[in-house]
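Note: hydrogens, waters and symmetry copies are ignored here, and every other heavy atom, side chains too, is used. Just so it is clear, the model here is predicted, and its values are computed rather than measured.
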Amino acid sequence: MLSEGATGSRAQPAIRIFGRWARGPLLSVMRLWRRNIQLRVVASTLLLSMAVVLVLGVVVIGQVRNGLLEAKRQTAQSQADGGFQVARERATVDASEAGAVLSVDAATWSTEVVQQLASGGQGVFSVVALPSELSPAFAGDTGFAPRGPRVSSAVDTDLSISEGMREAVDDDRATQRQYGTIVRTDGTSEAGLIIGKRMTDVAGNPYQLYYLFPFTQEEKSLSLVTGTLATAGVFLVALLGAIAWLVVRQVVTPVRMAAGIAERLAAGRLQERMKVSGEDDIARLGESFNKMARNLQKQIQQLEELSRMQRRFVSDVSHELRTPLTTVRMAADVIHEARGEFDPATARSAELLLSQLDRFELLLADLLEISRFDAGAAVLEAEATDLRDVVHRVVESFESLAERRGGRLLVRGDARPIVAEVDARRIERVVRNLVVNAIEHGEGRDVVVKLAVAADGGAVAIAVRDYGIGLRPGEVDQVFSRFWRADPARARTTGGTGLGLSIAVEDAHLHGGRLEAWGEPGGGAQFRLTLPATAGGALRGSPLPLEPGDSRARRGRGVPAPARSGSAVAAAAAEPSEPSARGGHGD
C-alpha cells in the first residue's frame with residue numbers, strides 16, 4: 001500500500017506538468033476554433049462527410065458480402081447436389097455389377113469415389129468421406145463399412161467438421177449445410193461452407209459425404225471491394241473538404257474584409273471602403289457597407305466641425321470676457337472698499353457683487369481649461385514630485401475652512417515619501433477639488449486624506465474620505481459629468497462651479513491614471529486618484545481600496561473596520577438615520 005501511495009504521489013506532479021504543457025496548445029486551438037468560422041465549417045463538413053462515407057461503406061460492404069455468400073451458397077449447393085448424385089449412381093452401378101464385395105473393396109471404393117468427386121474442383125472445394133455411426137462397424141459387426149476418413153486434400157476432419165454437424169447428417173437423410181472454419185493439417189484455417197449428406201456405399205452400408213467450400217476467392221473479392229471503397233471514401237472526403245473550403249472562402253473573405261475595414265473605420269480612418277465586384281448578395285453587402293461608411297464619415301465630419309465651432313466659441317468668448325471682467329472687477333473692488341459709506345442694503349449688494357465676480361472668474365478659468373482639454377492642447381509637465389508636499393499644501397489652505405464647518409482635515413500614510421512623476425500643478429488642482437467637495441458635503445465631520453504607494457512601486461494613490469451624506473445608487477456614474485448636481489436646489493456654500501471634478505478626471509487621464517468615486521447614502525463618500533509612478537507607465541492596480549474599510553457594507557459583511565480618530569468615530573456615531581440627498585459632488 002505504501003508503494004502504491006508513493007507511486008501515485010509521484011504520478012500527480014507528472015500529470016500536472018503534462019496538463020500545463022498541453023494547456024497552451026489546447027487553448028490556442030480552442031481560440032482558433034472560436035475565431036475562425038471557415039475552419040469550423042470545413043471541419044464540420046469533413047466530419048459529416050466521413051460519417052456519411054462510413055455508413056455508406058458499411059452498407060455497401062454488407063450488401064456485397066451477403067451477395068457473395070449467397071452466390072457461393074447456391075454454387076456450392078449445386079456442386080454438392082451433383083456430387084451426391086454421382087456417388088449414389090456409382091454405388092448403385094458398382095453394386096449391381098460386382099455383387100458381393102469384401103470390406104477392403106468397400107474402403108477402396110470410398111477412396112475412389114472421393115478422388116473422382118474432388119477431381120473437378122481442385123482448389124475450389126474438398127471432399128471428405130467419414131464413417132457413419134449407423135454403420136455395422138460401430139456395432140462390432142463385420143460389415144463392409146470403411147474404417148477411416150477419406151479426404152481429397154490436407155484437411156483436419158476432426159476440427160473442420162463439428163460433432164453437431166455429423167449427428168445432424170446421421171439423423172436426417174436430407175442435405176445439411178453449415179458455415180464454419182476449415183482447418184488444414186498444417187495449422188492454417190479459413191472460413192468456409194460445409195455441406196454434408198448421409199450416403200450408402202457399394203456394400204449398402206451408410207457413410208457421410210461432405211463438401212468443404214473455402215471462401216478464399218470471396219474474401220479476396222470482399223477485400224478488393226473494401227479497399228476500393230476506402231480509397232474512394234478518402235478521396236471523396238478530401239474533395240468535399242476542398243469544395244467546402246473554396247465555397248466558404250468565397251463568403252468569408254468579404255466578411256473578413258468588412259470586419260477589417262470596420263476596425264479601421266473605428267480607428268478613425270474614415271476613408272476606407274470595400275472593393276465591390278459583381279452584382280450578387282456579397283456585392284450588395286459591399287455597396288451597403290460603403291454607403292454606410294460614407295454617411296458615417298459625413299456625419300462625423302459634421303459633428304467634428306460643430307465641435308470645433310463650439311470649442312472655438314467657448315475659447316473666444318472666454319478670452320473676450322477677460323477684458324470687460326477685469327474692468328468690472330476693478331469697479332467692484334472700488335465699490336467694495338467704499339461699502340462702509342453705503343446704507344446696509346447697498347453695502348450687502350457690494351459684497352454679493354464681489355463674491356459673484358470671484359465665482360465668475362473661477363467659472364471662466366474652468367471653461368478655458370475645459371476648452372484646452374477638448375482641443376487636445378493640454379500639455380503635461382511631469383517631474384518627480386513628493387505627493388506629500390502637494391497634499392500638505394492643500395490641507396494647509398483649507399484647514400481653516402474645515403474648522404469653520406466643524407471638522408478637521410486628517411492625513412494618513414505620509415510617514416514615508418510618496419514620489420511620482422506628475423504635473424504638480426494639475427495634481428494639486430485635483431486634490432484641492434476633492435478636499436473642497438469633501439468639506440462642503442461632509443456635514444461638519446472630519447475629512448481623511450490617505451496616501452499610499454504600491455508594493456512594487458509602480459503606482460501611487462490619493463484617497464479623500466468624508467463621512468457626510470454620501471452618494472445614492474447610480475450617482476457614482478454621473479458625479480464626474482459637467483455641471484451635474486444630485487440636488488439642484490441645494491445651495492453651494494463654498495462656491496463651486498460644477499466643472500471641478502470634470503477637470504480633475506481629465507487631469508487624471510492626462511497622467512495615464514484614474515479618478516474613481518464610491519459612496520453610500522448616509523455613510524459618506526471616497527474619491528480615489530490612482531497614478532502611475534513613472535510618466536507613461538502602465539497602470540495595473542491601485543494600492544488603496546476604492547471602498548473604505550469603515551463602510552457600512554463592509555461592516556455588514558463582517559469585515560472589521562480600521563481604527564479611526566476619535567472625532568471620526570464620534571462623527572460616524574452621529575450620522576443621521578435618514579440622510580438627505582447629497583448634491584453638488586460634481587463640483
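- No side-chain donor-acceptor contact under 3.5 Å links Thr385 to the backbone of Leu387.
- Nearest heavy atom pair, residue Pro532 against residue Gly537, reads CB-O, 3.7 Å.
- Separating the CG atom in Leu515 from the CD1 atom in Ile503 is a distance of 12.5 Å, to the nearest 0.5 Å.
- Around the CD atom of Gln302, the shell of radius 6.0 Å holds more than 12 heavy atoms that belong to other residues, nucleotides or ligands.
- When side chains are defined from C-beta on, Gln356 does not count as touching Glu351, because their heavy atoms never get closer than 4.5 Å.
- Under a 4.0 Å N-O distance rule, the pair Arg445/Glu443 does not qualify as a salt bridge.
- How far CG of Leu434 is from CD of Gln526: 10.5 Å, rounded to the nearest 0.5 Å.
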Intermediate values then yes/no, side-chain contact (heavy atoms from CB on, under 4.5 Å), Arg426 and Glu381 = CA-CA 9 Å; Arg426 296 183 182 276; Glu381 298 177 356; over 6 Å; no

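- Counting only heavy atoms from C-beta outward, the side chains of Arg465 and Phe527 never approach each other to under 4.5 Å.
- With His511 as the fixed residue, the side chain to side chain contact (heavy atoms under 4.5 Å, CB included) test singles out one of Asp423, Leu539, Val430: Asp423.
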Should Arg425 and Arg429 be marked as a side-chain contact (heavy atoms from CB on, under 4.5 Å) after you check the CA-CA gap, both sets of side-chain angles, and the distance that decides it?
-> CA-CA 6 Å; Arg425 178 182 65 86; Arg429 179 168 60 191; 3.8 Å; yes

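- Within the 4.5 Å cutoff, the side chain of Arg404 has heavy atoms near those of the Ser400 side chain.
- At least one side-chain heavy atom of Val448 sits less than 4.5 Å from a side-chain heavy atom of Arg412.
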Begin with the C-alpha distance, continue with both residues' side-chain angles, and end with the deciding distance and a verdict on side-chain contact (heavy atoms from CB on, under 4.5 Å) for Val447 and Tyr467.
-> CA-CA 7 Å; Val447 175; Tyr467 298 90; over 6 Å; no

Listing, residues 414-422 side-chain donor-acceptor contacts under 3.5 Å, not counting sequence neighbours, or none:
unit_1 : atom_1 : unit_2 : atom_2 : d
Asp414 : OD2    : His392 : NE2    : 3.2
Glu421 : OE1    : Ala535 : N      : 3.1

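- Here the side chains of Thr346 and Arg339 are not in contact, with every heavy-atom distance at 4.5 Å or above.
- Judged as a salt bridge (charged side-chain N to carboxylate O under 4.0 Å, His left out), and not counting sequence neighbours, Glu403 has no contacts.
- Here the CE-CG distance, from Met257 to Leu285, works out to 10.5 Å after rounding to the nearest 0.5 Å.
- What you find for Leu265 and Ala293 is that their closest heavy atoms are CD1-CB, 3.9 Å.
- To the nearest 0.5 Å, atom CG of residue Leu46 and atom CH2 of residue Trp245 are 13.0 Å apart.
- Between the side chains of Gln271 and Arg294, no donor-acceptor pair of N or O atoms lies under 3.5 Å.
- Taking the charged nitrogens against the carboxylate oxygens, Glu396 and Arg393 have no contact shorter than 4.0 Å, which rules out a salt bridge.
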Could you walk me through whether Ile335 and Phe342 pass the side-chain contact (heavy atoms from CB on, under 4.5 Å) check?
-> CA-CA 9 Å; Ile335 295 174; Phe342 303 148; 3.8 Å; yes

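- Here the closest non-hydrogen pair linking Thr530 and Ser542 is OG1-OG, 3.0 Å.
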For Glu287 and Arg284, what are the C-alpha separation, side-chain angles and deciding distance, and is it a salt bridge (Lys or Arg N to Asp or Glu O under 4.0 Å)?
-> CA-CA 5 Å; Glu287 293 175 355; Arg284 289 197 297 271; over 6 Å; no

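- Qualifying salt bridge (charged side-chain N to carboxylate O under 4.0 Å, His left out) partners for Asp389, counting only residues two or more places apart in sequence or in other chains: none.
- Of all non-hydrogen atoms in Gly457 and Ala533, the two that sit nearest each other are O-CB, 3.2 Å.
- Atoms CG and CD1, from Leu529 and Ile427 in turn, are 5.5 Å apart once rounded to the nearest 0.5 Å.
- Counting all heavy atoms, side chain and backbone alike, Ala452 lies closest to Pro543 at O-CG, 3.8 Å.
- When all heavy atoms of Ala517 and Leu546 are compared, the pair lying nearest together is O-CD2, 3.9 Å.
- To the nearest 0.5 angstrom, Asp333 atom CG is 8.5 Å from His336 atom NE2.
- Considering only heavy atoms from C-beta on, Val435 comes within 4.5 Å of Leu409 through its side chain.
- Residues Arg540 and Asp456 meet the side-chain proximity criterion, which asks for heavy atoms closer than 4.5 Å.
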